[in-house]
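Below is one structure, written out as structure tokens; the observations come after it.
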Amino acid sequence: MSGYEGGGGGGRSGLWVEEPARRRRLPDPVRASAVRAVVIVAVTLTQATITFFLSVTGSWLAFPMALGAVAGTIVATWGVLDVVITRQTWNQRYGVFSEPSSTARPRRRDAGRSARAGRESRGPGRIRREDGPLTAFGRR
């Protein structure tokens, strides 16, 4: 029995080794438009090749196929632009993860706390009322 067959290969790893992906998977709409664009471009290139050979041989089908190849080129251009636009739209809607860099300004809440701490160390900035409208809720 070889090491590739079942039966405990003595600590050997199996045939299939799972490796992490190098890049993240494309979102579904972007992947769908990319597949559509590849199919359209492949059909257009095939049509253009056939058109070339028909025109070399002088066939009567060369002119209608040339018109079809021009239309196919326009549709293929649209397909590639669709991939670019769909990807950009996806990134604008769902792909932004905002994380401040190390050089970013501190948030206003943090800045307010530090300013308030500075004011309180100098003394009270305003006179607090003990009988205000929010004292029932534990606020002053």
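- Considering all non-hydrogen atoms of both residues, Val83 and Ala37 come closest at CG2-CB, 3.7 Å.
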Please tabulate, for side-chain N and O atoms in residues 54-75, each donor-acceptor pair with protein atoms closer than 3.5 Å (sequence neighbours left out).
| residue | atom | partner | partner atom | Å |
| --- | --- | --- | --- | --- |
| Ser55 | OG | Thr51 | O | 3.2 |
| Ser55 | OG | Phe52 | O | 2.8 |
| Thr57 | OG1 | Phe53 | O | 3.2 |
| Thr57 | OG1 | Leu54 | O | 3.0 |
| Ser59 | OG | Leu61 | N | 3.2 |
| Thr73 | OG1 | Ala69 | O | 2.8 |

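- Counted by atom type alone, Gln88 and Trp90 present zero donor-acceptor pairs between their side chains at under 3.5 Å.
- With Arg31 contributing its side chain and Leu26 its backbone, the two residues share a donor-acceptor pair below 3.5 Å.
- Alongside Val41, the hydrophobic cluster contains Leu45, Val80 (criterion: ILVMFWY side chains under 4.5 Å).
- Taken to the nearest 0.5 Å, the CG atom of Asn91 stands 11.0 Å off from the OG1 atom of Thr86.
- Leu81 CG to Ser33 OG: the interatomic distance, rounded to the nearest 0.5 Å, is 11.0 Å.
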